[in-house]
Amino acid sequence: MSTQPIVTRFAPSPTGALHVGGARTALFAWAYARQHGGKFILRIEDTDQKRSSPESTKGILRDMQWLGLNWDEGPNPAADDPYEAQLGEHGPYFQSQRLEIYTQYVDQLIEAGLAYEDDGAIRFKMEKDIAFKDEVFGDINFAASDLEDFVIRKADGFPTYHMAVVVDDALMKVTHVIRGQEHLSNTSKHVALIDALGFERPVYVHLSSIMNPDGSKMSKRDKAKAARQAAKDAKLTSVGFDDDAFAAFLDKKNDEMKFALAIAEQLNLDLPEINVADFRDSGYIPAALLNYLALLGWNPGDDIEQFDLDFLVAKFSFNRIGKSNSKFDRAKLKSFNADTIAKLDAETFSMLLGQHLVAHHPEYTDMVNDRQRFAMLCLAYQPRAHTLDEVADMARFFIIDNSEVVYDTCNKQVRKNLINSDCAGLRALAEFASELEKLEPWTGEDAHNLIKSYCEARELNMGKIAQPLRIAISGSVVTPDMVPTLDIMGKKDTLLRIMRCLDSFRSEMEAVAE
Ligand code: GLU
């Protein structure tokens, strides 16, 4: 056993998107193989014909690649048709392409008198007590009297998961089976089959579940839950289609995604991210997501929490995996992501942000292609972005038309910085604007210096000009530093926005003048 190379595998069923729980399983299996210079296999368990789909397979391959969890054997992700082109000598790696192999082993069990036909299906006889060791959960024992014969081949000729997983792990020479805790009890069946077929047992490592902060299991249903709650809060009774089914959705009778998405659209709501693709679309960086996922159920044994994959590969061990479920803390993941973003080199950040904006917010395409301005935008937001997507919201004022900036008289900051004390802010801004107009050539740095000298000469706190200016430019006081903000805005639009701002408060100004 010890001379055998370490082989781990990730064996998703392509019945939906890769979710974070699956990604964590894949990460641990990948890290263990890498640590030992072994092999990591990706096997697609698509024997459930009704629930499996090629789209879901493609999504899983794409998400695994995005995470950077590269596999040594499995579907070839670079090929046009991953079902045809596969990597590795133990394939095919799609269970749907291995049916004759399973048949052969089922027949072997029937011939040995260890399995029998029952209503067209084949059942395996569970006759012995079962004992096995799990690296996380310890010794597990099942008495024969508690175990029932189980189906290994369905009447339609397809193997059950138990049969296929056992045959594949053996033929693919998997040494360590790392998977979710929900399979711990199945393992009694697997061990019995392995023994009956004369295979060698792998090492078992079952990972406890990932929970929401409220203790419920993290699942795709959380999106439906969040949307339903929001719809109820907003008293939304229709989304414009399938009213009866929508009523049933509100009544928790179904969890259909189309309703969750429609509600999110109508109420401008962000649904909780569950799948790896959701996190990608929200602008998470793979390194941050993987770092956070590694800490769900495992820790390196000291106070270090933020690390890269090399560190994980070096430090990973089964004996630091805990038995208790872990809670998914979105705020912590977000802060990991912010730290990861802040540490990226400028070029990488600009590439990632550019790709993200063009893909998800095409209205940014011109900005992204304006290399100089976009470089300044990146510099301004890299230190403050928690996610790439957040930048799309925060920086929006830079790309909208001057006429689209909203000056909200009811906003507290607007009142304080522009209107209060007889429009002191507006009057200061108007006066400063005539100085700013003379500035030539325009750079953010020079404009900023002008604010400084202007305020010093009048013994004003710089905020007395900077805050009204921020509001004139963006509608709010939340902008990056003045220098990059003024650089990105440019002279013409800065002055136009000041004029528009003053204009929109004309009645307030006139009331003071009287
Ligand atoms: N296809 C199974 C699942 O997605 C894999 C379980 C295993 O790793 O054995 O749950």
Side-chain angles (χ1 to χ4, degrees), residues 4-14 17-46 54-95 97 168-169 171-180 202 205 207 275-281 284-296 298 307-318 336-337 340 344 348 351-352 355:
Q4 256 179 277
I6 301 289
V7 179
T8 65
R9 83 319 189 259
F10 178 53
S13 304
L18 178 65
H19 63 92
V20 284
R24 181 198 51 177
T25 301
L27 174 63
F28 287 177
W30 175 90
Y32 193 72
R34 293 291 169 262
Q35 180 175 70
H36 293 275
K39 278 189 183 158
F40 174 57
I41 297 178
L42 178 63
R43 182 175 69 227
I44 305 295
E45 304 211 320
D46 56 350
E55 292 69 42
S56 151
T57 296
K58 284 190 192 125
I60 291 169
L61 300 185
R62 179 200 59 210
D63 294 345
M64 288 285 287
Q65 284 183 282
W66 179 74
L67 288 169
L69 300 178
N70 51 331
W71 53 97
D72 307 294
E73 296 183 19
N76 182 348
D80 289 337
D81 183 356
Y83 287 85
E84 286 304 320
Q86 303 187 22
L87 309 164
E89 48 183 324
H90 301 105
Y93 297 89
F94 287 85
Q95 289 189 331
Q97 298 173 336
D168 288 349
D169 284 340
L171 299 187
M172 295 177 185
K173 306 204 180 319
V174 169
T175 56
H176 293 72
V177 167
I178 301 170
R179 63 185 172 196
V205 186
L207 306 173
N275 301 324
V276 169
D278 299 334
F279 287 95
R280 181 185 52 231
D281 293 348
Y284 283 84
I285 307 292
L289 185 57
L290 290 174
N291 180 176
Y292 182 69
L293 290 180
L295 290 173
L296 293 176
W298 178 83
F307 46 77
D308 61 13
L309 286 178
D310 289 343
F311 178 95
L312 176 68
V313 167
K315 295 283 172 119
F316 185 69
S317 74
F318 299 142
F336 273 35
N337 203 55
T340 305
L344 293 172
T348 307
M351 184 196 72
L352 292 175
Q355 283 171 353

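Quick caveat: nothing in here was measured; it's all calculated off a predicted structure. Any value given below was found using the heavy atoms of this structure, including those in side chains, with hydrogens, waters and symmetry copies removed.
- The distance from atom CD of Q35 to atom OG1 of T8, rounded to the nearest 0.5 Å, is 11.0 Å.
- Using a 4.5 Å heavy-atom threshold, the side chains of R280 and R62 count as touching.
- Considering all non-hydrogen atoms of both residues, L87 and Y93 come closest at O-CE1, 3.1 Å.
- Side-chain atoms of D278 come within 3.5 Å of backbone N or O of N275 as a donor-acceptor pair.
- Classified by interplanar angle (parallel below 30°, tilted 30° to 60°, perpendicular above 60°), the ring pair W298/F316 is tilted.
- Taking CG of L295 as the reference point, atom CG of L290 lies at 11.5 Å (rounded to 0.5 Å).
- Rounded to the nearest 0.5 angstrom, Y284 OH and F336 CZ are separated by 12.0 Å.
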Practice problem: Check the pair K173 / E73 against salt bridge (Lys or Arg N to Asp or Glu O under 4.0 Å), numbers first and verdict last. | Solution: CA-CA 12 Å; K173 306 204 180 319; E73 296 183 19; over 6 Å; no
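- Scanning all heavy atoms of the two residues, the minimum distance from L293 to A23 falls at CD1-CB, 3.8 Å.
- Closest of all the heavy-atom pairs between H90 and L171 is CD2-O, 3.5 Å.
- Rounding to the nearest 0.5 Å places CE of M64 at 10.0 Å from CH2 of W30.
- With contacts defined as side-chain heavy-atom distances shorter than 4.5 Å, the pair Y292/V20 does not qualify.
- For the pair I41 and W71, the tightest heavy-atom approach, listed with the atom from each and the gap, is C-CB, 4.5 Å.
- T175 places a side-chain N or O within 3.5 Å of a backbone atom of V7 that can act as its donor or acceptor partner.
- Nearest heavy atom pair, residue I178 against residue L207, reads CG2-CD1, 4.0 Å.
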Exercise. Run the numbers on L309 and L27 for side-chain contact (heavy atoms from CB on, under 4.5 Å), then give the verdict.
Key: CA-CA 9 Å; L309 286 178; L27 174 63; 3.9 Å; yes
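- The neighbour count for D81 CG, taken as heavy atoms of other residues, nucleotides or ligands under 6.0 Å away, is above 12.
- Contact annotation: the side chain of D46 never approaches that of T57 to less than 4.5 Å [non-hydrogen atoms, C-beta and beyond].
- Taking 4.5 Å as the limit, some side-chain heavy atom of L61 sits within range of a side-chain heavy atom of P82.
- Side-chain N or O atoms of R24 include one that pairs as donor or acceptor with a backbone N or O of L296 at under 3.5 Å.
- Between K315 and F307, the closest side-chain pair of non-hydrogen atoms is not below 4.5 Å.
- The pair R34-D72 meets the salt-bridge criterion, since a charged nitrogen lies less than 4.0 angstrom from a carboxylate oxygen.
- At least one donor-acceptor pair under 3.5 Å links the side chain of D308 to the backbone N or O of F311.
- Of the inter-residue distances, the one linking L352 atom CG with I285 atom CD1 reads 5.0 Å to the nearest 0.5 angstrom.
- Within the 4.5 Å cutoff, the side chain of R9 has heavy atoms near those of the V177 side chain.
- The two residues I44 and P14 make their nearest non-hydrogen contact at CG2-CG, 3.5 Å.
- When side chains are defined from C-beta on, W66 does not count as touching L18, because their heavy atoms never get closer than 4.5 Å.
- Counted by atom type alone, Q97 and Y83 present zero donor-acceptor pairs between their side chains at under 3.5 Å.
- Side-chain contact check for V276 versus I60: every heavy-atom pair is 4.5 Å or farther apart.
- Proximity of a side-chain donor or acceptor of N337 to a complementary backbone N or O of L289 within less than 3.5 Å is not detected.
- Atom NE2 in H36 sits 6.5 Å away from atom NE2 in H176 (nearest 0.5 Å).
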